2 protein chains.
Amino acid sequence: MKELSTKQSRILDFLRQFLEDKGYPPSIRDIVKGCKISSTSVVEYNLRILEREGYLRRDREVSRGIELSPRNRGIVRVPIIGYIAAGEPIPVPSADTWSALGIAESLELTQELTRGKEGVYALKVKGTSMVDALINDGDLVLMQHVETAENGEMVAVWLKREKEATLKKFYLEPGRIRLQPANEEMKPIYADPEDVEIQGKVIGIIRKLE
Amino acid sequence: MKELSTKQSRILDFLRQFLEDKGYPPSIRDIVKGCKISSTSVVEYNLRILEREGYLRRDREVSRGIELSPRNRGIVRVPIIGYIAAGEPIPVPSADTWSALGIAESLELTQELTRGKEGVYALKVKGTSMVDALINDGDLVLMQHVETAENGEMVAVWLKREKEATLKKFYLEPGRIRLQPANEEMKPIYADPEDVEIQGKVIGIIRKLE
DNA sequence: CCCTTCCTCGAACGTTTGTTCTAACAATAT
DNA sequence: ATATTGTTAGAACAAACGTTCGAGGAAGGG
């Protein structure tokens with residue numbers, strides 16, 4: 001997939017917005033106005049490219065015959081890139097993971113859950129080692145790829161020395177890091193900052209039952 | 001909201017299908033063909049009614065300017081009808097609750113979570129009394145309205161004698177009901193069938209963080 | 001410099017499409 | 001029977017719309 005020109009991303013953004021607002025796609029002349037383009041044929045030209053690159057599908061000769069690819073709608077497809085378990089390293093998304101599309105399982109969510117965040121992925125919980133985070137075997141953990149964390153955020157950390165993966169609330173204290181289980185009744189653990197490797201931020205939990 | 005004529009529901013179904021298939025709404029003449037209606041003005045006439053009754057919104061003079069109400073799309077709007085807490089009765093949806101639209105909070109989900117089930121609603125958890133079900137304060141419990149439960153299903157029950165609401169896995173045993181916490185390490189409780197009032201089935205948990 | 005490629009512009013054409021109007025039919029109430 | 005209301009039918013119109021074409025600008029490579 002080639003890089004998109006600024007004009008093309010603007011058109012794509014406009015399409016998304018228009019579709020969300022009005023519930024139907026814009027006409028070519030709507031795009032002309034909305035993106036401050038000077039001619040219908042310029043839009044035609046760029047739509048042709050966007051279609052070739054797979055961002056949308058068009059029905060010829062049909063007014064407003066534009067269908068956005070699913071990932072461009074209000075619905076987001078989140079890849080389930082692997083499992084998270086106590087004794088195993090936490091999978092981290094890489095360029096590879098994203099390009100290897102289709103193969104992995106995925107999850108369809110509304111923006112309501114992801115809140116439009118970039119770099120969102122999901123991990124499936126294996127085992128009951130996360131019960132202190134009120135997370136069960138089989139739960140889906142919605143993650144955002146981050147390098148650092150703010151105090152109070154729930155993060156996935158890899159404890160190097162203990163060789164252990166865990167989900168805890170993160171608090172940076174003088175000289176140490178406090179990792180607090182979500183279950184307030186349980187005691188926090190303290191770790192050397194050197195020992196803590198932040199693998200991502202937890203932005204949601206989804207548990208499907210029955 | 002009045003009853004819809006068969007023609008009107010057919011148009012609504014066609015709209016849904018068309019929108020799902022093509023990603024954009026049908027023209028009036030598409031509806032004529034798709035619903036085997038003889039004239040555009042008949043469609044116009046019925047669309048006007050559907051709009052008046054709140055099933056869709058139309059933009060005049062705009063081709064394909066039809067927007068289906070959210071509940072008619074692939075995205076489901078689930079009402080959050082109340083709170084669930086240890087000592088309080090569990091809210092149960094009634095005809096009232098459904099018709100009192102707009103007032104209550106709601107949640108937008110994909111069919112992925114609701115799996116097309118009917119009578120789905122959500123409750124917000126108040127307090128930490130459900131930690132034994134691995135459910136935290138603030139979590140959203142996705143419920144389906146049912147009268148009876150199958151063994152192994154997670155249900156919301158009201159224990160009459162104890163005056164307590166709880167979420168447990170349901171097992172009917174000879175002469176008693178076993179209510180098993182989701183956290184396998186915890187002991188089940190046993191209850192008299194007379195004492196147990198099933199208020200709904202739990203089909204999912206959603207926890208939004210940060 | 002010329003040539004190619006990518007992109008822009010404006011206009012024109014032929015359909016598609018929403019709208020409107022009149023007439024008529026059916027069901028129901030007066 | 002007459003009036004009223006709800007619904008259908010077909011035609012015609014004007015506007016909206018996708019498409020196409022020729023010309024030309026901008027950028028880069030030879």
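This one's a predicted model, so the numbers in the text were calculated from it and none came from an experiment.
When only modelled atom types and interatomic distance are considered, B:T166 and B:K168 share a side-chain donor-acceptor pair under 3.5 Å. Between the side chains of B:S69 and B:R57, no donor N or O sits under 3.5 Å from an acceptor N or O. Between B:R29 and B:T40, the side chains place no donor N or O within less than 3.5 Å of an acceptor N or O (distance only, hydrogens not considered).
In this structure, CZ of B:R48 is placed 14 Å from P of D:dG6, rounded to the nearest angstrom. Between the CZ atom of A:R10 and the P atom of C:dC7 there is a distance of 15 Å, rounded to whole Å. One atom, CG of B:L47, and another, C1' of C:dT20, lie 15 Å apart when rounded to the nearest Å.
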Polar pairs (N or O, both sides) under 3.5 Å between protein and nucleotides 15-18 of chain D?
from: D:dC17; atom 1: OP1; to: A:R64; atom 2: NE; distance (Å): 3.3
from: D:dC17; atom 1: OP1; to: A:R64; atom 2: NH2; distance (Å): 2.2
from: D:dG18; atom 1: OP1; to: A:R64; atom 2: N; distance (Å): 2.7
from: D:dG18; atom 1: OP2; to: A:I28; atom 2: N; distance (Å): 2.8
from: D:dG18; atom 1: O3'; to: A:E61; atom 2: N; distance (Å): 3.2
from: D:dG18; atom 1: N7; to: A:R29; atom 2: NH1; distance (Å): 2.9
from: D:dG18; atom 1: O6; to: A:R29; atom 2: NH2; distance (Å): 3.0

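In this structure A:R10 satisfies the salt bridge (Lys or Arg N to Asp or Glu O under 4.0 Å) test with no other residue, sequence neighbours excluded.
Proximity of A:K124 to A:I84: side-chain heavy atoms (C-beta onward) are nowhere separated by under 4.5 Å.
Minimum atom distance to the side chain of A:V42 is reached by C:dT8, of the listed C:dG10, D:dT8, C:dT8.
B:I49 comes within 4.0 angstrom of the backbone, heavy atoms only, and of no base.
Phosphate proximity of C:dC6 to A:N46: absent, as no side-chain N or O sits under 4.0 Å from OP1 or OP2.
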Between B:Q17 and B:D21, is a side chain to side chain donor-acceptor pair (under 3.5 Å) present by the stated rule, with each step listed? CA-CA 6 Å; B:Q17 193 59 48; B:D21 286 353; 3.2 Å; yes
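Each of A:Y45 and A:S39 was assigned the nucleotide of DNA chain C with the nearest heavy atom; the assignment lying further toward the 5' end belongs to A:Y45.
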